[in-house]
Amino acid sequence: MTAQDMADVFHRIALLLELKGENPFKIRAYKTGAETVEGFAGDIVALAAANELGGIKGIGEALRDKLHEMATTGKLEFYDKLKAEFPESIFGLFDISGLGPKKIALLYKELKVAGVADLKRACESGEAGKLSGFGDKTVVKLLESIAFHEQHASEFRLGDVAPVVEQVLAALRENKQVGRVEVCGSYRRGKETVHDLDFLVSSKHPQEVIDAFVELPLFVHTIAKGGTKASTRTKDGLQCDLRVVSNEEFPFALTYFTGSKEHNVALRQRCLARGWSLNEYAITTSEGAEPPPPVHDERDLYRALDMEFIEPELRENTGELDAALHNTLPRLVELSNLRGTFHNHTTASDGNATLAQMAEAAQELGLQYLGIADHSKSSFQANGLDAARVRKQIAEIRALNDDFDGFKLFAGNEVDILKDGSLDFDDDLLAELDYVVASVHSVMNLPEAEMTKRIIKAIENPYVTMLGHVTGRLLLQRPSYAVNIPAIIDAAAATGTIIELNASPWRLDMDWRWWKLAKAKGVRTSINPDAHSVHGLQDLFFGIRSARKGWLERGDVVNTLPLGKIEKLLQAKRERLL
DNA sequence: GCCGTTTTCGGCCCGACTGTTTTCAGTCG
């Protein structure tokens, strides 16, 4: 079992205990236990196996023993017994917004609702509406939630599939029969969600490669298996396809399977104009046409069409082909360009690493600075800081900074934007901070005009350095609240406010589709992981993918600036309007 | 189930909103 597997068991125990109406604090203990395991910096599996888990906050005697059992036997008897009391499909009901443990338990007890399909039936038949605590409006809301859920069925967040991609690529690379290896499809294009994974390899022995592929331990089911392609499924239902081609075919197949479909159609049209026909294996020449130059890799393919190489993230047929013809493609920002990042939480609010631990992790990543932005007081659920605690944290940060060499912690705060657009702290306190992230965390159901006005009011406060997760969406779980993004972009442009690109794979917010507009208006971004643990800093990787998909260059991303320059920028943002 | 400069029990995270109620339970952040 991996650390994530063990954390998942704790998460599920918490859900099952909720269904049983157990002591809420016991449930909480399992949830924090799960988060502690997820965020643990070190090999928790090895430690648990060796019975050397001690003194970890949030892991007491009972959880420690359970981790030991999982690490040594790969199972947990307590969980297996608990699980047997409910059908497996019942977990799906927790993804329906508007449903919590009490309602799910009632639905199961009274109507034998064991999953989303049952729920839909019970809502449509009118049975659900008769239950105590349920009414017409509840049923309508549930049906809406089910529809949203169905719309995104069999989609996966980038963060959920990235570990699978890494494992499969590593396994394919180890195979001696395999030459070139790539992951294609929407994953390679950096889409925020994918519904399957497409792998491509070159080999002279396709059957052997296919046979080895379907036997990989992370697959639980083989959907199809032939001489050059196979389809499998992981335990989470993620479909993984493999195509095997020859080394000569590889660049054509890579382009073809990377897509997008629209990009490929446009590429083929350009080939036709030269008397060439492009498919996933080769370019063929019609009679009388000039033969294409030799193509050994993707770069050659684009070069054959007199184009610059088009990065996979840009291949959506939204202007990239023309830009490639005219040498006006952006030079996309890269992970290695980042020098620091803002919007990170610590144990002061709802993070699980201390200031010092976060600072150390940032330095290990090679960053020169890290912005701390814990929650403000109105975010009670996240243990938000009041003014006194903010001032205490500022002092702690200043003290830590005295000991750093070539690294700096910035004292910030993720200040709640209240319902009327005012901020959770007064300007005097904001002025003591190095920077401010302003975010909406409550009353997300305002009409669009009101929500837009509310956010713009916050942006207009000169102490607001950047706007956090603009739309509040949680991918595959909760849609954006109603907000006029172009109006927000205009306001940000007028005030010099940075719009965050929240890099959490749950958010990736602002969406990549808006960045071209923002860039055209002169709005810059900060790619922020919204890290709640040391591990969370890794989410910068997903943020970079989205930024690239939004055509962003190094100059568009403020946290590519070195320490000296970012300090000046934060200062200038305030002075500009004060 | 966790935690403790109050050490083996008694706290632990609070408030808004919604829809169902007719004073409150459930969900969410």
Side-chain angles (χ1 to χ4, degrees), chain A residues 9-11 13-37 53-67 76 78-79 82 93-107 109 123 128-145 345 347-352 374-386 389 414-420 424 439-447 450-451 454 468-469 471-474 477-481 504 506-507 509 530 532:
Chain A
V9 169
F10 283 170
H11 277 302
I13 289 173
L15 292 179
L16 291 165
L17 294 178
E18 281 188 318
L19 283 180
K20 294 186 66 166
E22 263 280 6
N23 172 5
F25 297 108
K26 187 174 180 176
I27 294 162
R28 177 149 207 87
Y30 277 100
K31 286 183 181 169
T32 49
E35 284 161 20
T36 306
V37 171
L53 287 176
I56 300 171
K57 199 167 154 16
I59 307 283
E61 208 178 325
L63 266 58
R64 193 180 60 208
D65 290 347
K66 289 187 171 71
L67 288 171
L76 184 62
F78 174 73
Y79 173 57
L82 200 54
L93 291 173
F94 284 93
D95 293 333
I96 302 297
S97 92
L99 273 193
K102 296 284 164 55
K103 288 206 162 103
I104 294 174
L106 188 68
L107 282 162
K109 184 162 168 267
C123 284
K130 290 182 203 150
L131 290 178
S132 136
F134 287 66
D136 292 348
K137 288 193 176 174
T138 308
V139 170
V140 169
K141 269 190 149 178
L142 286 176
L143 284 170
E144 278 171 12
S145 296
H345 299 268
T347 45
S349 65
D350 59 349
N352 70 10
D374 273 313
H375 287 284
S376 63
K377 62 177 189 292
S378 286
S379 280
F380 302 98
Q381 82 290 345
N383 189 24
L385 282 65
D386 60 18
R389 291 178 64 210
E414 184 182 18
V415 181
D416 266 37
I417 302 175
L418 306 179
K419 187 180 175 185
D420 66 353
D424 205 14
S439 308
V440 169
H441 289 114
S442 59
V443 208
M444 301 196 189
N445 54 352
L446 292 179
E450 211 175 316
M451 181 63 91
R454 169 189 185 185
H469 45 72
T471 74
R473 74 177 180 184
L474 293 178
Q477 190 176 87
R478 182 179 73 200
S480 157
Y481 39 68
S504 161
W506 281 83
R507 296 187 180 272
D509 186 7
D530 204 349
H532 287 72

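In what follows, every chain begins at residue 1, and chains take the letters A, B, ... in the order their sequences are listed. Just so you know, these numbers come straight off a predicted model, no measurement behind them.
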NA contact type, A:G33, heavy-atom cut-off 4.0 Å: base, sugar-phosphate, or nothing? nothing
Could you report the tightest heavy-atom contact between A:V415 and A:D424, atom names first, then the distance? CG1-N, 3.4 Å
Is a donor from one side chain sitting under 3.5 angstrom from an acceptor on the other, for A:H345 and A:N352? no
Generate the contact string for nucleotides 15-22 of chain B. Rules: B means base contact, S means sugar-phosphate contact only, - means no protein heavy atom under 4.0 Å. S-SSSS--
Base, sugar-phosphate, or nothing for A:K66, non-hydrogen atoms under 4.0 angstrom? sugar-phosphate
If you look at every strand shown and take non-hydrogen atoms under 4.0 Å, does A:L17 touch a base, only sugar-phosphate, or nothing? nothing
Reckon A:S378 touches a base, only the sugar-phosphate, or nothing at all at heavy-atom distances under 4.0 Å? nothing
What is the distance from NZ of A:K102 to C1' of B:dT27, rounded to the nearest Å? 10 Å
What residues form a ring pair (Phe, Tyr, Trp, His ring centres under 6.0 Å) with A:H469, not counting sequence neighbours? A:H441
Base, sugar-phosphate, or nothing: which does A:L63 touch, judged by heavy atoms less than 4.0 Å apart? sugar-phosphate
B:dC14: pairing nucleotide in any strand, Watson-Crick or G-U under 3.5 angstrom: B:dG29
Same-atom distance (P) from B:dC13 to B:dC17, integer angstrom: 23 Å
Nearest-angstrom distance from the residue atom CZ of A:F94 to P of B:dG26: 14 Å
Between A:N383 and A:H375, does any side-chain donor sit less than 3.5 Å from a side-chain acceptor? no
Is it the case that the side chains of A:S378 and A:D416 hold a donor-acceptor pair, with the cut-off being a distance below 3.5 Å and no angle test? no
Classify A:P101 by what it touches in the nucleic acid, base, sugar-phosphate, or nothing, heavy-atom distance under 4.0 Å. sugar-phosphate
Kindly list each side-chain donor-acceptor pair under 3.5 angstrom involving residues 24-34 of chain A, sequence neighbours excluded, with atom names and distances?
from  : atom 1 : to    : atom 2 : distance (Å)
A:K26 : NZ     : A:E22 : OE2    : 3.4
A:Y30 : OH     : A:K66 : NZ     : 3.3
A:K31 : NZ     : A:E18 : OE2    : 3.2
A:T32 : OG1    : A:R28 : O      : 3.1
A:T32 : OG1    : A:A29 : O      : 3.1

